2 protein chains.
Amino acid sequence: MPPKDPSSLSLGPLSGVMGYHIAQAAVTTFGTFERHVGKPFGLRKVEFSLLMLLLANGPLPPKRLALTLTLTGPNLTLLLDRLQERGLVNRERNPADGRSQNIVLTEKGRRIAQDTAAAAVPMESELLDRLSRAEHAMLIELLCKLAGRRTPL
Amino acid sequence: MPPKDPSSLSLGPLSGVMGYHIAQAAVTTFGTFERHVGKPFGLRKVEFSLLMLLLANGPLPPKRLALTLTLTGPNLTLLLDRLQERGLVNRERNPADGRSQNIVLTEKGRRIAQDTAAAAVPMESELLDRLSRAEHAMLIELLCKLAGRRTPL
DNA sequence: TATTGTTATACTCTATAACTATA
DNA sequence: TATAGTTATAGAGTATAACAATA
């Protein structure tokens, strides 16, 4: 339970509602992302995430990207259109199955992926003003359990 | 359809990025909210939160609601328009200062606030499939630290 | 007939600028 | 001049239905 502060409102039943606290915490992390990655590199959150997945896994079909990022097909198409127009990714057709593609990082895309991965380090460090390193790790572990995934590799 | 490989993709640099894990966990809590409160009562997340704040604190000026819920003024106006049109809240002018208002729950609004507060209990219980009670409490505590809102009056 | 990806579209969410009315 | 709230509007974000090409 959060400490009482007479200048702030009582959360009432909201105090035990996980979704509310996640939404509030997201305000902090989104702001931090914007300052460290979003504005400097002109990337949205989902674009950054997509570049990180390609950097870590190599070329991937849109289907797997959509599943991992919880995007619908049409929205991923538009996202890839933008990234391709910026010269960060390319669509490659699969010669074995004409329906499917592989999304590959261009050289420019790889550079920006590596640069933003580096920028994410001080981004996380900024959160350590509020959380100890152990708390940061514990929070990620609990969020993974809530999301229904195993602790990340 | 056979279950797809659950081990899925490597998150790479994303594995230590708090914002990513918060976004993923939000998928879970949002789905749970929709099933327990959103669809049954026809309320959006922010509408539910607003009703909870009014239930716990009594009449409040829009300014304080906007600050607590991280809403801009114009968006709160539209939100209050909808709730007022449904007969859940009323705007009361402050006789001492004609500029300011108080938002008050109607009797119908109080009933739905109490009913949704009750529905939030099984909603949180559903999360206990994934988190122990202690983990649930710990997660909320850590999220509060991360949100770190020194309430700006 | 099923699957991959696209087009078209619409609705929600959030943000900014300019306005009204009180003080 | 400053504050509380509103109007108008625009941009992201996300969802569904219908479609094309391939298997």
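Keep in mind that the numbers below use all heavy atoms, side chains included, and drop hydrogens, waters and symmetry copies. In this text, all values refer to a predicted model and were calculated from it rather than measured experimentally. Just so it is clear: chains get the letters A, B, ... in the order the sequence lines come, proteins before strands, and each one is counted from 1.
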query = Please walk me through it: do A:Asn90 and A:Thr106 pass side chain to side chain donor-acceptor pair (under 3.5 Å)?
reply = CA-CA 7 Å; A:Asn90 275 318; A:Thr106 63; 5.8 Å; no
task = Would you kindly give the CG-to-P distance between A:Asn94 and C:dT4, to the nearest whole Å?
result = 12 Å
query = Can you tell me how far P of C:dT14 sits from CG of B:Leu67, to the nearest Å?
reply = 16 Å
task = Look at B:Thr77 and D:dT6 and indicate whether a side-chain polar atom (N or O) is within less than 4.0 Å of OP1 or OP2.
result = yes
key: Nucleotide-resolved protein contact map, nucleotides 12-20 of chain D, B/S/- at heavy-atom distance under 4.0 Å   = SSBBBB---
ask   = Between B:Arg44 and B:Glu47, is there a salt bridge with N-O shorter than 4.0 Å?
value = yes
message = Can you tell me if A:Arg91 touches the phosphate of C:dT6, counting only side-chain N or O atoms and a distance under 4.0 Å to OP1 or OP2?
response = yes
request  = Flag yes if more than 12 heavy atoms outside A:Arg91 fall under 6.0 Å of its CZ atom; otherwise flag no.
outcome  = yes
ask   = Would you say the side-chain atoms of A:Glu135 pair up with the backbone N or O of A:Ser132, donor to acceptor, closer than 3.5 Å?
value = yes
ask   = Could you give the CG-to-P distance, from A:Asn102 to C:dG5, as a whole number of Å?
value = 9 Å
note = Here the distance between atom C1' of C:dT12 and atom CZ of B:Phe48, to the nearest Å, is 20 Å
ask   = Roughly, in whole Å, what's the span from CD in A:Glu92 to P in C:dT4?
value = 19 Å
ask   = Is it true that B:Arg86 and B:Asp81 have a side-chain N and a carboxylate O under 4.0 angstrom from each other?
value = no
query = Looking only at atom types and distance, does a side-chain atom of B:Asn57 sit under 3.5 Å from a main-chain N or O of B:Leu53, one as donor and one as acceptor?
reply = yes
ask   = Could you give the CZ-to-C1' distance, from B:Arg99 to D:dT3, as a whole number of Å?
value = 5 Å
Which side-chain N or O atoms in residues 32-43 of chain B pair as donor and acceptor under 3.5 Å with protein atoms at least two apart or in another chain?
{"unit_1": "B:Thr32", "atom_1": "OG1", "unit_2": "B:Thr28", "atom_2": "O", "d": "2.9"}
{"unit_1": "B:Arg35", "atom_1": "NH1", "unit_2": "B:Glu126", "atom_2": "OE1", "d": "3.1"}
{"unit_1": "B:Arg35", "atom_1": "NH1", "unit_2": "B:Glu126", "atom_2": "OE2", "d": "2.7"}
{"unit_1": "B:Arg35", "atom_1": "NH2", "unit_2": "B:Glu126", "atom_2": "OE2", "d": "3.1"}
{"unit_1": "B:His36", "atom_1": "ND1", "unit_2": "B:Thr32", "atom_2": "O", "d": "3.1"}
{"unit_1": "B:His36", "atom_1": "NE2", "unit_2": "B:Glu126", "atom_2": "OE1", "d": "3.3"}

ask   = Expressed in angstrom and rounded to an integer, what is the separation of B:Leu76 atom CG from C:dT14 atom P?
value = 12 Å
query = Atom CG of B:Asp81 and atom C1' of D:dT7: how far apart are they, to the nearest Å?
reply = 10 Å
Residue met sooner reading DNA chain D from 5', once A:Gly98 and B:Gln101 are mapped to nucleotides = B:Gln101
